[in-house]
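So that the names make sense, note that chain A is the first sequence line, chain B the second, and so on, each numbered from 1.
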Number of protein chains: 2
Amino acid sequence: MSSIKKIPNSTIARLYLYLRELNSLAQMKIDRVSSTDFGKRTNLSDAQIRKDLNYFGNFGVTGVGYNVSELIAALEKILGKDKTFNVGVIGAGSLGSALIRYRGFKKRNLNLVAAFDVREEIVGSSINGVFIYHIDQLEEIVKREMITIAAVAVNEDKAQSVVDKLVASGIKCLLNFAPVLIVVPDDVKISNVDMSVELEVLSYFLAQNGQ
Amino acid sequence: MSSIKKIPNSTIARLYLYLRELNSLAQMKIDRVSSTDFGKRTNLSDAQIRKDLNYFGNFGVTGVGYNVSELIAALEKILGKDKTFNVGVIGAGSLGSALIRYRGFKKRNLNLVAAFDVREEIVGSSINGVFIYHIDQLEEIVKREMITIAAVAVNEDKAQSVVDKLVASGIKCLLNFAPVLIVVPDDVKISNVDMSVELEVLSYFLAQNGQ
DNA sequence: AATTGTGAACCTCTTCACAGCT
DNA sequence: AGCTGTGAAGAGGTTCACAATT
C-alpha cells in the first residue's frame, strides 16, 4: 500500500502523459501493458513508471503487468478528472489569445471561461468563444464564473499590479507568463513559465560550442 | 579558481536574471553589491548566488562584495552577449505570433528573423516586422538568415514532421511548444515547453484541497 | 518466465556553515 | 566586522537491482 510519502511534482505532470497514452492504448483495444512496454511508448524508464504509479497504490499484477482500463479509471480519479477547474486569462493580447487557443489546455480538465483586458477596443469581444471583460470586473466575474486559476499574460511592467488584484479577488493559484519576478503571499501558489528561459539555455550551449 | 565542474542548467538560466538585476543596479549608480543584498533583490539565497558565480570564476572580493560593472562585463562574456543567435519560428498561428511579439526574447541575444507557415493566406505577410515564408523555403532561408535555433509552434499532429524537416535543414537546437513528445537524433538538442504542465500541477493541488 | 514493488544507490541541485581574507 | 569561496550536508528526484509473486 502507498503511504504518506511526498509525491514529486514531476510525477504528477507525468500522470497526465500516462493517461493520454493509456487512452490511446484503450482505443487500440490493448488492455494490458507492462512497465517496460509503457516506458518505451512514453520515452521513460520502466522503473520510473512503476515508482510513479506506486505513489498512489498497487495497480499492477506481478508477472503480468497493468490493466489499461483499470489504470485509466484510477488515474482519472487521482487527477480529479471528475472535477473541472475554471481558468481566467488576464491579458487578451497576442499571448493571451494564444493561450485561449492553445490545444494543450483543451485536453485537460481546465476550462478557460473568461479573459480580461483594459483596452476598450477589445473589451466586449470574444476569442474562440471566450468573452473579454474589463479588468475592473475581475472580482465580480471571478465569483460568478467560479474561477480558481488565473493565467497572467500581460506585459512585465503590469504583471505585479495585476497579480495583486487577482490575489485581492481571492485567487490562490496563478500561472505567470510575464518574464519578471512576481511576489505573492505565502498562501498563494504561483508557477512561472518563462518561455525564453529554455531558449537561453539553448543559446548558452550554442555560445559554448563557438557556433 | 573554478575548474571543470558541471554547471547546472538552472544556474545558466539564473545568470540572465542576474544580468538584468545588475543592469538595473548600474542604472541606479550602485557599483557594489553583496550576495546577501543581491539575494534579496532576486528572491534567491545568498549561497545560491555565490555558488552560481563561482562556477565561472572568483568575481567577488572577500569582506567587500561584488563590483557591479565588472560582474556585468563578466556575465556578458560568459553568456556570449557579443554573439547573437538567429531564431526561426515555425508556425505563424496564434502561438507563433505570440512568440514573435513576446518581450521575453527581445531583451536577450536572440533575434527572431523569420517565421514559416503553410497557409497561403498568411505566407508573404509580416508580424512585427518578421516575414512569413512558406515552409518549403525552410532550407533556403535557414541558410540565408543563418538560423541556428527553431521554435516549433505548430499543432501537435504536425510537430514531428516539422521537426524532421528542421533537422534535415541542419538545425541543431529546437524549442518545442507543441504538447506532444518529439523524437530527434542524438546530436540535436531539443527543449520542451508545455505551457499546460504547470497548470496541471496547479490543478492537481486544487483537486487535493477539495476546492 | 515475466513482471511488479521497493529499498538502496545514485545524481543533480540547493542550503548550511565556517575557514579565511580584507 | 563583513563577506566571499567552498566542502559537507540536505533535499528532491531517478535509476538500479532484486526479492517476491503469479
Side-chain angles (χ1 to χ4, degrees), chain A residues 1-15 17-18 22 25 30-68 70-71 74-75 78 191-192 197-198 201 204-205, chain B residues 1-15 17-18 22 25 30-68 70-71 74-75 78 191 197-198 200-201 204-205:
Chain A
M1 253 306 178
S2 75
S3 52
I4 26 81
K5 265 197 174 172
K6 167 92 184 74
I7 297 161
N9 276 356
S10 39
T11 291
I12 293 156
R14 279 191 298 270
L15 292 188
L17 169 64
Y18 296 168
L22 286 167
L25 284 176
I30 298 171
D31 207 49
R32 199 208 295 170
V33 71
S34 70
S35 56
T36 313
D37 185 26
F38 200 63
K40 274 176 196 147
R41 291 172 185 279
T42 52
N43 249 23
L44 296 166
S45 73
D46 55 330
Q48 178 87 82
I49 282 157
R50 292 198 300 277
K51 195 127 245 184
D52 281 346
L53 295 176
N54 246 126
Y55 283 116
F56 303 97
N58 296 9
F59 302 117
V61 180
T62 309
V64 178
Y66 296 86
N67 179 290
V68 171
E70 277 175 25
L71 200 48
L75 289 184
I78 291 162
S191 287
N192 292 288
V197 165
E198 295 277 348
V201 174
Y204 171 79
F205 281 105
Chain B
M1 251 310 177
S2 75
S3 52
I4 25 83
K5 267 196 174 171
K6 167 91 183 73
I7 296 161
N9 277 356
S10 39
T11 291
I12 294 158
R14 280 191 299 270
L15 293 187
L17 169 65
Y18 295 168
L22 287 167
L25 285 176
I30 298 170
D31 207 48
R32 199 208 296 171
V33 71
S34 70
S35 58
T36 313
D37 185 26
F38 200 63
K40 276 177 195 146
R41 291 172 185 278
T42 51
N43 249 23
L44 296 166
S45 73
D46 55 330
Q48 178 87 82
I49 283 157
R50 291 198 299 278
K51 196 128 245 183
D52 281 346
L53 295 176
N54 245 128
Y55 284 116
F56 303 97
N58 297 8
F59 301 117
V61 179
T62 310
V64 178
Y66 296 87
N67 179 290
V68 172
E70 276 174 25
L71 200 48
L75 289 184
I78 291 161
S191 287
V197 165
E198 295 278 349
E200 286 174 340
V201 173
Y204 170 79
F205 282 104

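- Going from atom CG of D46(B) over to atom P of dA17(C) covers 12 Å, rounded to whole Å.
- When the P atom of dA8(C) is taken as reference, atom CG of N54(A) falls 16 Å away, rounded to whole Å.
- Atom CD of Q48(B) is separated from atom P of dA9(D) by 20 Å (rounded to the nearest Å).
- At the heavy-atom level, R32(A) lies nowhere under 4.0 Å from the strands shown.
- Of all heavy-atom pairs between R32(A) and V64(A), the closest is CD-CG1, 3.5 Å.
- Using a 4.0 Å heavy-atom cutoff across all strands shown, F59(A) reaches sugar-phosphate atoms only and no base atom.
- Closest to the side chain of S34(B), from the set dT14(C), dT4(C), dC3(D), is dC3(D).
- Taking atom CG of residue L44(B) and atom C1' of nucleotide dT15(C), one finds them 12 Å apart after rounding to whole Å.
- Heavy atoms of N9(B) sit under 4.0 angstrom from primed sugar atoms or phosphate atoms, though from no base atom.
- Of the listed nucleotides (dC16(C), dG5(D), dT14(C)), dG5(D) has the atom at the smallest distance from the side chain of N58(B).
- Closest to the side chain of S45(A), out of dC13(C), dT15(D), dC16(C), is dT15(D).
- Within the 4.0 Å cut-off from OP1 or OP2 of dT4(C), at least one side-chain nitrogen or oxygen of S35(A) is found.
- Summarising the geometry, the separation between CD1 on I49(A) and P on dC16(D) is reported as 14 Å, rounded to the nearest angstrom.
- Between T36(B) and K51(B), the residue anchored nearer the 5' end of DNA chain D, judged by the nucleotide with its closest heavy atom, is T36(B).
- Partner Y18(A) forms a side-chain hydrogen bond (donor to acceptor under 3.5 Å, both in side chains) with one of T42(A), T11(A), D52(A) and no other, that one being D52(A).
- Protein atom CG of D37(A) is 13 Å distant from nucleotide atom C1' of dA2(C), rounded to whole Å.
- The separation between I7(B) atom CD1 and dT12(C) atom P is 14 Å, rounded to whole Å.
- Closest heavy-atom contact between K6(B) and Y55(B): O-CE2, 3.8 Å.
- When all heavy atoms of I78(A) and F59(A) are compared, the pair lying nearest together is CD1-CZ, 4.1 Å.
- The distance between atom CD1 of I12(A) and atom C1' of dG12(D), rounded to the nearest whole Å, is 13 Å.
- Of all heavy-atom pairs spanning L53(B) and L75(B), the tightest one is CD2-CD2, 4.2 Å.
- Taking for each of Y66(B) and T11(A) the nucleotide of DNA chain D with the nearest heavy atom, the 5'-most of the two is the partner of Y66(B).
- Which of dT4(C), dT15(C), dC18(C) sits closest to the side chain of R50(B) comes down to dC18(C).
- Not a single donor-acceptor contact under 3.5 angstrom links the side-chain atoms of K6(A) to the base of dG13(D).
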